[in-house]
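Report on one structure; see the data block that follows.
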Amino acid sequence: MRIGIVGAEYRQYQGKPDDLTYRTATFDEEEICRNTEKKRKYLIIVGDFFIIAVLFFAYLLHILGFLNIISAAFLSIFLIVAVIGLIRSILDARKSISYEVADGILVYGFESSDSDSASSSGRYDRAAVWCSDQQVYLPSVRCSMYKAYIQKGDELLVVRGNRGNGRKPNYFAINKDLDAARKDSKICLTK
């Protein structure tokens with residue numbers, strides 16, 4: 001992920017999602033938050049397919065006699081990255097029990113820096129958010145928003161998903177315009 005430059009006007013207000021005061025999400029907001037979390041579960045399937053593809057490619061190289069130390073090293077690196085990504089996806093896919101939200105404004109959106117489908121689909125993976133009511137700037141909040149539905153200065157909701165039993169909360173951002181947020185949270189496996 002590319003780290004954006006924090007504007008001078010926000011540096012003194014930089015904080016964490018824990019610094020915000022949240023309100024309970026409405027029924028519609030909660031529905032969108034639930035769908036957004038469900039969408040992240042599909043990354044587990046993508047990770048599984050990537051691991052299987054790397055192992056299959058290694059098997060083909062072995063059968064064809066092209067498997068040497070250099071190709072084995074590259075395949076090992078791809079496999080390690082895939083396993084780490086799968087573990088992160090599994091940890092992120094835990095369901096939240098309840099949701100709380102805080103108002104914010106999109107300062108900057110970050111696209112995925114790796115060459116996966118997210119970067120080619122015009123989607124922001126992280127957002128810099130300014131919460132003017134509470135005077136807190138969040139330099140990087142996870143999100144899944146299509147650039148077609150949001151622009152710099154648009155209103156967002158920073159969400160804290162309570163996972164219960166003392167587990168770490170799930171923080172992410174959604175579009176405050178509920179119609180656009182519904183489009184963002186729809187599960188689309190193709191472009």
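The salt bridge (Lys or Arg N to Asp or Glu O under 4.0 Å) test applied to Glu31 returns no partner, not counting sequence neighbours. Applying the side chain to side chain donor-acceptor pair (under 3.5 Å) test to Ser71 and every residue at least two apart in sequence or in another chain returns Asn68. Taking the side chain to side chain contact (heavy atoms under 4.5 Å, CB included) definition, one finds that Phe66 meets it with Leu61, Leu64, sequence neighbours left out. The side chain to side chain contact (heavy atoms under 4.5 Å, CB included) test applied to Tyr13 returns Trp130, Gln135, Tyr137, not counting sequence neighbours. Residues satisfying the salt bridge (Lys or Arg N to Asp or Glu O under 4.0 Å) criterion with Glu30, sequence neighbours excluded, are Arg34. Take Arg163 and apply the side chain to side chain contact (heavy atoms under 4.5 Å, CB included) test, not counting sequence neighbours, and it matches Arg94, Ser96, Arg167, Asn170.
Pro17 places none of its side-chain heavy atoms less than 4.5 Å from the side chain of Arg160. Residues Lys38 and Lys95 have side chains not in contact (no heavy-atom distance under 4.5 Å, counting atoms from C-beta outward). No side-chain heavy atom of Arg142 sits less than 4.5 Å from a side-chain heavy atom of Tyr171. In this structure, the side chains of Val158 and Asp103 stay at 4.5 Å or more apart for every pair of heavy atoms. Annotation: side chain of Ser144 is not in contact with side chain of Asp125 (no heavy-atom distance under 4.5 Å). Put simply, the side chain of Lys176 does not reach to within 4.5 Å of the side chain of Leu156, judged on heavy atoms.
Residues Ile105 and Met145 do not share a hydrophobic cluster, defined by chaining ILVMFWY side chains whose heavy atoms lie under 4.5 Å apart.
Sequence neighbours left out, the pairs with a member in residues 14-28 that pass salt bridge (charged side-chain N to carboxylate O under 4.0 Å, His left out) are Arg23-Glu29, Asp28-Arg182. Within the structure, side-chain hydrogen bond (donor to acceptor under 3.5 Å, both in side chains) pairs that include any residue of residues 52-62 do not occur (at least two apart or interchain).
Scanning all heavy atoms of the two residues, the minimum distance from Cys131 to Leu138 falls at SG-CD1, 4.5 Å. Taking all atoms of both residues into account, the shortest heavy-atom contact from Leu106 to Ala127 is CD1-CB, 3.6 Å. In plain terms, the two heavy atoms of Asn175 and Asp177 that are nearest each other are OD1-N, 3.0 Å. A pairwise comparison of heavy atoms in Pro139 and Gly15 identifies CD-O, 3.7 Å as the closest pair.
Taking CD1 of Ile45 as the reference point, atom CZ of Phe49 lies at 7.0 Å (rounded to 0.5 Å). Here the CZ-OH distance, from Arg126 to Tyr108, works out to 14.5 Å after rounding to the nearest 0.5 Å.
Around CD1 of Ile70, the count of heavy atoms belonging to other residues, nucleotides or ligands within 6.0 Å does not exceed 12.
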Evaluation steps, salt bridge (charged side-chain N to carboxylate O under 4.0 Å, His left out), between Glu111 and Lys147: CA-CA 9 Å; Glu111 289 186 64; Lys147 291 193 278 185; 2.8 Å; yes
If you look only at distance, which donor and acceptor atoms sit under 3.5 Å apart when one is on a side chain in residues 73-91 and the other is two or more places apart or in another chain?
unit_1 : atom_1 : unit_2 : atom_2 : d
Ser76  : OG     : Ala72  : O      : 2.7
Ser89  : OG     : Gly85  : O      : 3.0

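Other residues sharing a hydrophobic cluster with Ile32 under the 4.5 Å side-chain heavy-atom criterion for ILVMFWY residues are Tyr99, Val101, Leu157, Val159, Phe172, Ile174, Leu178. Residues near Val46 contribute nothing to a hydrophobic cluster around it, because no ILVMFWY side-chain heavy atom sits closer than 4.5 Å to its side chain.
With respect to Asp154 and Lys152, no salt bridge is recorded, no charged nitrogen being found less than 4.0 Å from a carboxylate O.
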